[in-house]
Amino acid sequence: MNADLQRPKGTQDILPPESWRFDKMRRIALDTARLYGFELLETPIFEQTQVFMRVGESTDIVQHERYSFIDAGGVDLTLRPEGTAAVARAYVQNGMYNWPKPLKLIYWGPMFRRERPQADRYRQHTQFGAELYGSEDPGADSEIILLACRVVEQVGLTNPDVRINSIGCAICRPNYRKALVDYYSARRDELCQDCQNRLEKNPLRLLDCKVDVAIRQTAPDLADYWCDDCKSHIESVMAQVSQVGRPIRRDPYLVRGLDYYTRTVFEVGHPSQGPNTALFGGGRYDGLSASFEGPGAPAVGFGMGIERILSAVGDQFPPDEAPLIYVAHLPGFMGQAQIMAEQLRNQQLATESDLLDRSLKAQLREAGKKARLALIVGGREWEQKTVQVKDFANGQQHIVELENLPLFLKDRLRDESQDTNGGSNL
RNA sequence: GUGGAUGUAGCUCAGCUGGUUAGAGCACCAGGUUGUGGCCCUGGGGGUCGGGGGUUCAAGUCCCCUCAUUCACCCCA
């Protein structure tokens with residue numbers, strides 16, 4: 001295919017069965033969130049560009065990774081690069097600050113960033129996230145962490161590795177920032193090029209440089225600069241999470257890229273993915289809603305990249321397979337087979353029939369690949385108001401009267417523990 | 001934005017130092033039974049060797065350019 005007709009760089013066609021794994025993942029995420037009483041919020045996949053500019057002056061995803069366009073009416077729009085800003089906008093615009101507190105919201109959908117694709121990183125990816133508005137209490141932070149961990153556990157990533165840090169508040173962070181800048185400025189010559197830029201742009205990010213690890217070891221620790229409120233806040237979050245039996249550890253070098261965070265930041269990885277990988281992350285952003293000209297409201301949330309999660313679980317997370325019935329037919333009975341299939345679907349039985357008018361042999365070959373049971377419509381049996389039913393689980397074949405058919409089929413499908421000497425491939 | 005790797009059938013890949021009509025496995029289709037799947041056997045459809053240019057009697061193979069894909073850094077989900 002010509003290059004200019006191909007899928008855009010960094011996007012993907014999600015083919016079956018992967019597409020069904022996505023669908024199952026979504027159901028699990030939403031169901032788990034409902035277990036905690038979260039509500040689902042849908043926002044547009046594009047917003048006015050200012051919505052994202054408000055929240056991330058110094059972050060790459062709003063600086064030079066934006067998919068922006070001017071529409072025919074001259075409005076500056078951007079495909080959303082992340083969920084939190086859009087939810088904050090919706091929160092203010094819809095007056096949700098007047099809703100009963102706390103307000104617990106989740107979202108699911110595509111996000112867009114124009115960056116160079118690599119393993120598990122796409123220009124369009126799917127994110128599931130939660131935002132909890134209206135509570136400053138450490139319990140809100142722990143609720144968010146617990147929900148996110150439960151979701152990944154539901155898909156098979158047990159014992160997630162939770163790392164947490166506090167980047168302080170408007171009162172104590174400036175002190176730390178100054179101490180950090182002083183420390184690194186004195187060693188400017190020893191820093192890598194990236195860190196010299198970070199020193200100007202976003203000093204906190206000096207801490208998670210992978211090159212200058214020796215320098216940061218003697219750098220000032222955030223913990224020594226926390227005010228009393230910030231200190232007791234993170235301690236309570238960690239205590240609360242631990243008390244439900246979920247390990248959590250402080251990572252003194254953990255700071256996150258988006259600059260709207262206050263106090264809590266966290267990332268969660270998994271042992272199967274290596275020591276410091278991030279499957280998802282989040283934090284607190286108490287000042288965000290105020291920047292949308294609404295009343296200030298404390299908030300905490302997480303965002304989870306679904307492609308990364310599914311890549312991490314691998315084949316351990318198969319899609320659900322409906323036990324399928326295939327209606328095969330003898331020559332001249334193709335129409336009858338489809339009518340039969342439709343009647344079985346009326347009984348909520350997943351059913352297919354041949355649409356190519358192929359030989360019985362070919363029909364059964366296809367049926368054997370995808371179905372649990374095959375029906376054969378036509379011939380002598382049809383004249384006696386019966387059909388042949390073949391069970392691929394054991395190779396047995398029965399002649400069943402039409403009026404008893406739905407009951408018979410449901411009975412066979414219910415019994416999962418058939419002997420399998422026939423070689424089912426389900 | 002920086003650096004590395006790779007492009008041969010739908011998929012995974014062979015194709016030695018350039019040498020006849022480019023192959024295999026899997027997948028797909030058909031036949032081996034007048035009305036029966038899997039396993040096995042036989043046959044079949046499918047390829048501008050990513051594209052363009054060059055060297056040569058001869059290029060999938062060598063050279064240049066280009067496009068695409070992929071991995072890492074930056075950043076992030």
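Below, chains carry the letters A, B, ... as their sequence lines are ordered, and counting in each starts from 1. Atom set for the values below is all heavy atoms of this structure, side chains included, hydrogens, waters and symmetry mates excluded.
A:L407 CG: 12 or fewer foreign heavy atoms inside a 6.0 Å radius.
Evaluation of the ring pair (Phe, Tyr, Trp, His ring centres under 6.0 Å) rule for A:Y176 yields A:Y225 as partners, not counting sequence neighbours. Remark: A:R123 engages A:K9, A:Y67, A:R114, A:P117 in a side-chain contact (heavy atoms from CB on, under 4.5 Å) (not counting sequence neighbours). With sequence neighbours excluded, no residue forms a ring pair (Phe, Tyr, Trp, His ring centres under 6.0 Å) with A:F292. Remark: A:R34 pairs with no residue by the salt bridge (charged side-chain N to carboxylate O under 4.0 Å, His left out) rule, at least two apart or across chains. The ring pair (Phe, Tyr, Trp, His ring centres under 6.0 Å) search around A:Y107 returns none, not counting sequence neighbours. Partners of A:R308 according to the salt bridge (charged side-chain N to carboxylate O under 4.0 Å, His left out) rule, which considers only residues two or more places apart in sequence or in another chain, do not exist here. Taking the ring pair (Phe, Tyr, Trp, His ring centres under 6.0 Å) definition, one finds that A:F280 meets it with A:F302, sequence neighbours left out.
For RNA chain B, the stems formed by at least three consecutive Watson-Crick or G-U pairs, with both atom-pair distances below 3.5 Å, span B:1-7 with B:67-73, B:10-13 with B:23-26, B:28-32 with B:40-44, B:50-54 with B:62-66.
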Could you go through nucleotides 43-49 of chain B and list every protein N or O atom that sits under 3.5 Å from one of its N or O atoms, giving the distance for each pair?
none

Shorter than 3.5 Å, N or O on both sides, protein versus nucleotides 27-29 of chain B: list them out with atom names.
{"residue": "B:C28", "atom": "OP1", "partner": "A:K369", "partner atom": "NZ", "Å": "3.1"}
{"residue": "B:C29", "atom": "OP1", "partner": "A:R358", "partner atom": "NH1", "Å": "3.1"}

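Listed by first then second residue, pairs satisfying ring-ring contact (aromatic ring centres under 6.0 Å, His included) with a partner in residues 196-218 of chain A number zero, not counting sequence neighbours.
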Worksheet item: Along nucleotides 65-77 of chain B, 5' to 3', which nucleotides get a B, which get an S, and which get a -, given that the test is a protein heavy-atom distance under 4.0 Å?
Response: --SSS-SSBBBBB
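Side-chain nitrogen and oxygen atoms of A:K390 include none within less than 4.0 Å of the OP1 or OP2 phosphate oxygen of B:U36.
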